[in-house]
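Shown next, in structure tokens, is the structure this report addresses.
All residue numbers refer to positions in the sequence shown, counting from 1.
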Amino acid sequence: MQFSRKETTMQTPSTTELEAAAFRRLVAHLQARHDVQNIDLMILAGFCRNCLGDWYREAAAERGLELGKDEARERVYGMPLAQWKQQYQKDATPEQLAAFAQAQQQHG
């Protein structure tokens, strides 16, 4: 990343700060997109909201912080997982289940 002389006199954000901002934006985007089901994320991207929560919890553990699975996932979902499932999760269609099985074979 190139900064002009004027920009370098101010404190520039660290890579960690930029990555954290991008993560927060991703989480906010997923919280707003209730129509995007986890199975669709798994089929297309190989990860879902649960994965993000698990990665968040693992990052906390690597830094000596104890964070429960439910608490970590709640930070990603913006509410308890059970509440999100009740309000937004739809039953997977046969087509989604078939696509998920195929995706698992390709990534497994």
**Q.** With sequence neighbours excluded, residues passing side-chain contact (heavy atoms from CB on, under 4.5 Å) with A61
**A.** none
Q: Taking all non-hydrogen atoms of both residues into account, name the closest pair between L52 and F23 and its distance.
A: CD2-CE1, 4.1 Å
Q: Would you name the heavy atoms of C51 and M42 that are closest together and state the gap between them?
A: SG-SD, 4.1 Å
Q. Does some side-chain heavy atom of H34 sit less than 4.5 Å from a side-chain heavy atom of W84?
A. yes
Q) What heavy-atom pair brings L97 and I39 nearest, and what distance separates the two atoms? A) CD2-CD1, 4.0 Å
Q) With sequence neighbours excluded, what pairs up with R57 under the salt bridge (Lys or Arg N to Asp or Glu O under 4.0 Å) test? A) D54
Q) Donor-acceptor pair, Q106 side chain versus A103 backbone, under 3.5 Å? A) no
**Q.** Minimal non-hydrogen separation, Y56 against R75, with atom names
**A.** OH-NH1, 3.0 Å
(Q) Determine whether a donor-acceptor pair (N or O, by modelled atom type, separation under 3.5 Å) exists between the side chain of N38 and the backbone of R49. (A) yes
Q | Minimum heavy-atom distance Q96-D40, with the two atoms named | A | NE2-OD1, 3.0 Å
**Q.** Considering all heavy atoms, the nearest A72-G53 contact
**A.** CB-O, 3.3 Å
Q | Cluster overlap F100 with F47, hydrophobic side-chain contacts below 4.5 Å | A | no
Q. Under a single-linkage definition using a 4.5 Å side-chain heavy-atom cutoff for Ile, Leu, Val, Met, Phe, Trp and Tyr, are L41 and Y88 assigned to the same hydrophobic cluster?
A. no
(Q) A quick test of your reading: do over 12 heavy atoms of other residues, nucleotides or ligands sit less than 6.0 Å from CD of Q87? (A) yes
Q. In the single-linkage hydrophobic clustering (I, L, V, M, F, W, Y; side-chain heavy atoms under 4.5 Å), do V36 and L44 co-cluster?
A. no
Q: For atom CD of Q86, decide whether the heavy atoms of other residues, nucleotides or ligands shown that lie under 6.0 angstrom number more than 12.
A: no
Q: Calculate, to the nearest 0.5 Å, the distance between atoms CD1 and SG belonging to I43 and C48 respectively.
A: 11.5 Å
Q. Is a donor on one side and an acceptor on the other found under 3.5 Å between the side chain of E74 and the backbone of L81?
A. no
Q) So, Q104 side chain and A99 main chain: donor-acceptor pair closer than 3.5 Å or not? A) no
Q.
Within the structure provided, determine whether Q37 and K90 are in side-chain contact (heavy-atom separation under 4.5 Å).
A. yes
Q: Tell me yes or no: between the side chains of Y77 and N50, is some donor less than 3.5 Å from an acceptor?
A: yes
Q. Mind checking what makes side chain to side chain donor-acceptor pair (under 3.5 Å) contact with D91, not counting sequence neighbours?
A. none
